[in-house]
Amino acid sequence: MTTDRPLPVIIDCDTGIDDALALLFAIRHPGLDLRAVTCVAGNTDVDGVVRNTLTVLEQAGAPDIPVARGAERPLIESVRRAPVHGQDGMGDLGLPAPARTSADMDAVTLLRREILASPHPVTLIPTAPLTNIALLLRTHPEVVRNIERIVFMGGAVATGNATPVAEFNVWHDPEAAAILLTAGVPITMYGLDVFQRVVVPGPDVRRLRASSEPGTRLAGELLAHRGPVTDEQDPGGGLGDAGAVCAVVDPEGITTELLPVEVSLAPGPTRGQTVVDRRPRPGEAEIHHGTREQPLLDVALGVDVERYVKLWLTAVE
Ligand code: RIB
Ligand code: CA
């Protein structure tokens, strides 16, 4: 990726406070060429996601990037919203309805069109439940020939958020996540283990909020949203999904290991868990039942927080 040949990327999102932070970064970083944005139900209903996404692009003065509406609900589960993003799914900031409108095609059609039309392989950045991505891979598997890598925000090696062991995006549609893992292209898992660490300090948030530039001010307002998961004492704001886009621009900022990952689909307390096998060698299960083929993912285990905060602030401001 260079500024004279920006990397073609597509974001699939459920905007969403931190999805909005990811979009602002992707729009403003000179090394990225955001070809399209596709929307899926998750943090809020899919029509709310489309509205929020168009609002972010409008506030940021983005070029006319196509935005398409995707799945209204997961493949199997019902919609289970994430109230941490407020009633409207984007911090209830009271922003005016966008003048921009969504594309006259569905998300899977737009994803296929933009991936196959790109002169250089596309990097796909899902920051939401993976329903659209699963439908794309099952409907148009030929797209994999022009996908460079999928860097998705989802899963967790250690602790979950939606449940003790499951991360929201994977938990919301576990079957879709399992289909993603079999895509047959390089995949980076940007999970909660790194997602929760990248926080913009309070003084920077206050500076952004005071900006006269609408996109910068929006970034500050979004970072300042105090949801139940944020630390009331700490005036800083988590970059969340935006960290996954930082990992596309600057992959050296995360530490990864190529590890087997499996999604637990069984009903019960582990449903939606990403089971990451970090053992140094096979165990008794393999001795007694044989080794099972599992997809290998580049799993993010560490992140240079200051590096990504600086990268994001430099692009957005
Ligand atoms: O678990 C965090 C993820 O769920 C983020 O992508 C957030 O926006 C929600 O979609
Ligand atoms: Ca999201």
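First listed ligand is number 1; within each ligand, the first listed atom is number 1.
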For the pair Arg81 and Asp45, find out whether any cationic side-chain nitrogen is under 4.0 Å from an anionic carboxylate oxygen.
-> no
List every atom of ligand 1 that sits less than 4.0 Å from any heavy atom of Asp14, numbering the atoms from 1 in the order shown and giving each element.
-> 8 (O), 10 (O)
Any Lys/Arg nitrogen of Arg149 or Asp298 sitting under 4.0 Å from an Asp/Glu carboxylate oxygen of the other?
-> yes
Salt bridge present between Lys310 and Glu317 (N-O < 4.0 angstrom) | no
Per-residue contact class, Asn43 against ligand 1 - non-hydrogen pairs under 4.0 Å | side chain
Counting from 1 in the order shown, the ligand 1 atoms closer than 4.0 Å to a non-hydrogen atom of Asn169 are 3 (C), 4 (O), 5 (C), 6 (O), 9 (C), 10 (O)
Do we see a donor-acceptor contact under 3.5 Å between the side chains of Thr127 and Asp19?
-> yes
Identify, for atom 6 (O) of ligand 1, the protein heavy atom at the shortest distance, and state residue, atom and that distance.
-> Asp241 OD1, 2.6 Å
Would you mind checking which non-hydrogen protein atom is closest to atom 2 (C) of ligand 1, with the distance to 0.1 Å?
-> Glu167 OE2, 3.3 Å
If you measure from each non-hydrogen atom of Thr127 to ligand 1, which part falls under 4.0 Å: side chain, backbone, both or neither?
-> backbone
His85 touching ligand 1 at heavy-atom level, < 4.0 angstrom = yes
Hey, are Arg307 and Glu252 close enough for a salt bridge, meaning a charged N less than 4.0 Å from a carboxylate O?
-> no
Between Asp106 and Thr109, is any side-chain donor less than 3.5 angstrom from a side-chain acceptor?
-> yes
Presence of salt bridge, Arg206 and Asp204, under 4.0 angstrom | no
Sub-3.5 Å donor-acceptor pair from the side chain of Asn43 to the main-chain atoms of Asp14, do we have one?
-> yes
Please state which protein non-hydrogen atom is closest to atom 8 (O) of ligand 1 and give its distance, to 0.1 Å?
-> Asp18 OD1, 2.6 Å
Within-3.0 Å protein N/O/S contacts of the Ca ion (ligand 2) | Asp14 OD1, Asp19 OD1, Asp19 OD2, Thr127 O, Asp241 OD2
Inspect the contact between Glu142 and Arg112 and indicate whether a charged nitrogen and a carboxylate oxygen are less than 4.0 angstrom apart.
-> yes
Which atoms of ligand 1 sit under 4.0 Å from any heavy atom of Asn161?
-> 1 (O), 2 (C)
Does CZ belonging to Arg279 count more than 12 external heavy atoms closer than 6.0 Å?
-> yes
